[in-house]
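Inspection log for the structure reproduced underneath, given as structure tokens.
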Amino acid sequence: GTRIEQTELIFGAVERTIRRVIPASEIELMLDNIGLAGGGLSLATGDQATIGTADGEILVALQTNRKGKTADYQILLRDTLAAEFPNQQFYFQPADIITRILNLGLPSPIDVQITGRQSDSNFVIATKIAASVRHTPGAADVRVQQVVNAPEMFLSIDRSRAEQTGLTTRDVASSLLISLSSSFQSAPNFWLDPTTGVNYQVAVQTPIYKMGTMAALQTTPVSTAGRGTTPQLLANLVSTQRQVTPVVVTHYNIQPSMDVYASADGRDLGGVAKDIEKITGTLKLPKGSQLTMRGQVLSMRDSFRGLILGICAALLLVYILLVINFQSWIDPLIIVMALPGALSGVMWGLFVTHTTFSVPSLMGTIMAMGVATSNSVLLITFADDERREGKSAEEAAISAGVTRLRPVIMTALAMIIGMLPMAFAMGEGGEQNAPLGRAVIGGLIIASLFTLLVVPTIYTWLRSDAPAPELELPEPTTARNAQRAPSSQPAPSHG
């Protein structure tokens with residue numbers, strides 16, 4: 001119920017606090033969007049977080065050559081703004097297009113949605129969920145999206161008195177609508193400029209500054225055109241009372257919905273979502289209501305499930321192809337022994353850099369496994385060639401490790417150097433792909449050690465017998481015929 005003028009003053013104070021927390025040299029632009037835009041399409045095309053005149057957004061664009069990190073500034077602003085403005089509610093929305101897409105259009109990655117016809121009971125449950133989630137470690141920006149108690153002035157028309165004066169309920173509503181929202185809502189009118197041919201809207205409306213009190217609103221004249229009735233004051237025809245009303249009503253699959261939004265700060269999204277599911281699992285919902293977790297959590301779990309299945313399928317497919325290529329079950333098994341090293345290296349790289357598992361990190365895992373497999377194939381192929389020349393398994397493994405040391409190091413080092421800029425999150429939006437580079441670097445470091453140390457050791461254990469000799473292909477028939485001596489018998493002649 002806060003007027004937009006008062007909201008503007010609050011936003012000004014918030015801006016001064018932001019400029020005090022963030023150095024002025026690192027702020028490029030600060031833009032405010034207060035209240036709803038004009039027109040009826042603002043709720044459909046605008047941001048879901050802005051639902052009334054008491055809401056607004058502050059866009060802070062930082063310099064590209066800044067020293068501080070965006071995440072660090074968010075943590076400072078959360079604490080500072082909550083302490084200096086205890087009566088206001090602050091939260092950060094996703095700033096990049098990738099996160100917005102992963103959130104499926106929602107303003108937060110976690111959306112605990114309650115749907116059902118019993119809106120009052122569902123709102124009470126949503127409030128309890130939000131209060132419990134605020135105490136969850138790593139949960140930030142927790143709030144209930146719906147506002148159900150906005151102040152409202154309810155006007156009851158005395159139909160008997162209006163009929164005695166020759167007015168109808170429609171006349172009273174139309175006069176009030178024209179005074180508050182202009183005549184363009186009920187009677188659109190246009191003026192055509194004869195010089196340019198451009199149409200202009202012509203509307204009549206009471207100035208807003210003259211409708212600042214309820215007494216001024218009650219002096220609105222009510223009349224009708226073409227009936228010759230005497231205009232009446234609004235106070236003579238209606239009675240007023242104060243009530244509360246929802247600011248915005250949302251639906252999902254036709255049913256009314258209540259949404260509890262939350263974000264993750266300093267903790268992985270999956271861990272926060274699991275703790276929230278523990279909270280919601282103990283709740284008893286009204287009959288006919290359903291509770292569902294939506295947002296980036298769904299896309300994250302679907303992506304993780306698909307990528308993990310893809311990694312397992314890739315391991316199986318690589319092993320089968322190696323079996324076909326080597327005509328053996330043992331050599332492919334020795335080759336894939338480097339893959340546990342790649343997986344452990346990925347986990348080590350993410351742990352050291354305090355990076356959580358994500359879709360980019362899993363993509364980097366697949367890349368590291370591919371390079372580790374190719375290096376192991378290179379080593380085992382050379383070892384088999386050495387054993388065919390009469391060397392033992394131990395001698396062949398040592399010779400392969402020494403000879404193929406340089407190619408393995410060069411292949412891994414080229415990949416690691418190429419991933420360093422990505423791992424250090426250089427450039428704008430570098431934080432998005434940093435997990436990929438860190439996973440590749442950690443995986444290749446450990447996988448290279450496994451390839452040069454563990455794989456030759458396992459080779460000496462499993463390859464004690466002599467290798468099978470290479471099959472010699474028979475000479476083609478055309479080649480044998482060409483090497484035959486020419487026959488002395490003359491060729492038969494045909495008449």
Side-chain angles (χ1 to χ4, degrees), residues 1-2 7 10 14 47-52 54-57 71 74-94 103-104 106-151 244-252 255-298 300-301:
T2 307
T7 305
I10 297 174
V14 172
D47 197 336
Q48 297 182 7
T50 306
I51 59 177
D55 298 327
E57 299 175 344
Q74 288 183 356
I75 295 174
L76 289 175
L77 288 176
R78 280 193 182 100
D79 298 336
T80 305
L81 294 177
E84 297 187 6
F85 302 92
N87 295 329
Q88 313 302 326
Q89 189 178 53
F90 300 92
Y91 50 87
F92 289 91
Q93 300 188 72
N103 289 350
L104 305 178
L106 298 175
S108 292
I110 300 177
D111 175 18
V112 181
Q113 187 179 76
I114 306 174
T115 56
R117 294 295 178 183
Q118 303 183 22
S119 300
D120 296 337
S121 301
N122 292 341
F123 179 76
V124 174
I125 295 176
T127 306
K128 293 181 179 179
I129 294 175
S132 300
V133 173
R134 288 189 181 96
H135 300 286
T136 302
D141 302 335
V142 182
R143 77 271 186 192
V144 180
Q145 170 69 5
Q146 286 73 17
V147 179
V148 299
N149 56 350
V244 293
T245 183
V247 178
V248 60
V249 178
T250 58
H251 293 80
Y252 187 83
Q255 294 186 346
S257 62
M258 298 292 170
D259 300 275
V260 180
Y261 290 143
S263 303
D265 179 22
R267 191 182 174 193
D268 62 293
L269 183 62
V272 176
K274 288 182 180 179
D275 289 348
I276 294 177
E277 287 179 343
K278 293 179 182 179
I279 295 174
T280 57
T282 59
L283 296 175
K284 185 177 180 180
L285 299 177
K287 187 177 181 180
S289 298
Q290 295 180 351
L291 190 146
T292 310
M293 184 174 293
R294 306 186 185 277
Q296 191 177 148
V297 177
L298 292 180
M300 178 194 68
R301 291 175 176 174

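Of all heavy-atom pairs between Ser108 and Ala262, the closest is CB-O, 3.5 Å. For the residue pair Ile125 and Lys284, the shortest heavy atom distance occurs at CD1-O, 4.0 Å. Scanning all heavy atoms of the two residues, the minimum distance from Ser119 to Pro256 falls at OG-CB, 3.5 Å. Closest heavy-atom contact between Val133 and Ala139: O-CB, 3.5 Å. Of all heavy-atom pairs spanning Tyr252 and Gln113, the tightest one is CG-OE1, 3.4 Å. In terms of heavy-atom proximity, Arg267 sits nearest to Gly138 at CB-CA, 4.0 Å.
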**Message:** Before you tell me yes or no, could you show the steps for Leu269 and Met300 under side chain to side chain contact (heavy atoms under 4.5 Å, CB included), namely the whole-Å CA-CA distance, both residues' side-chain angles and the distance that decides it to 0.1 Å?
**Reply:** CA-CA 9 Å; Leu269 183 62; Met300 178 194 68; 4.2 Å; yes

**Test log, rule side chain to side chain contact (heavy atoms under 4.5 Å, CB included), inputs Thr136 and Val142** = CA-CA 10 Å; Thr136 302; Val142 182; over 6 Å; no

**Item:** side chain to side chain contact (heavy atoms under 4.5 Å, CB included) between Phe85 and Phe90, intermediate numbers included
**Value:** CA-CA 9 Å; Phe85 302 92; Phe90 300 92; 3.7 Å; yes

**Message:** Checking Val247 against Asp55 for the side chain to side chain contact (heavy atoms under 4.5 Å, CB included) test, could you report, in this order, the C-alpha distance in whole Å, the side-chain angles of both residues, the deciding distance, and whether it holds?
**Reply:** CA-CA 11 Å; Val247 178; Asp55 298 327; 5.9 Å; no

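Within the 3.5 Å criterion, the main-chain N or O of Gly116 finds no donor-acceptor partner in the side chain of Gln290. Proximity of a side-chain donor or acceptor of Asp141 to a complementary backbone N or O of Ser263 within less than 3.5 Å is not detected.
Taking 4.5 Å as the limit, every side-chain heavy atom of Leu283 sits out of range of all side-chain heavy atoms of Lys128. Proximity of Ile276 to Met293: side-chain heavy atoms (C-beta onward) are separated by under 4.5 Å at one or more points. Proximity of Ile129 to Leu291: side-chain heavy atoms (C-beta onward) are separated by under 4.5 Å at one or more points.
Residue Asp79 is tested with Leu76, Leu81, Ile75, Leu77 for a side-chain contact (heavy atoms from CB on, under 4.5 Å); the sole match is Ile75.
Here the CZ atom belonging to Arg294 is positioned 14.5 Å from the CD1 atom belonging to Ile110, to the nearest 0.5 angstrom. Here the OG1-CE distance, from Thr250 to Met258, works out to 7.0 Å after rounding to the nearest 0.5 Å. Between Leu285 atom CG and Asn122 atom CG the span is 7.5 Å, to the nearest 0.5 Å.
A donor-acceptor pair shorter than 3.5 Å cannot be found between the side chains of Gln89 and Arg143. Side-chain contact check for Ser289 and Gln118: no donor-acceptor pair (N or O, by modelled atom type) lies under 3.5 Å. The closest side-chain donor-acceptor pair between Gln93 and Glu57 falls under 3.5 angstrom.
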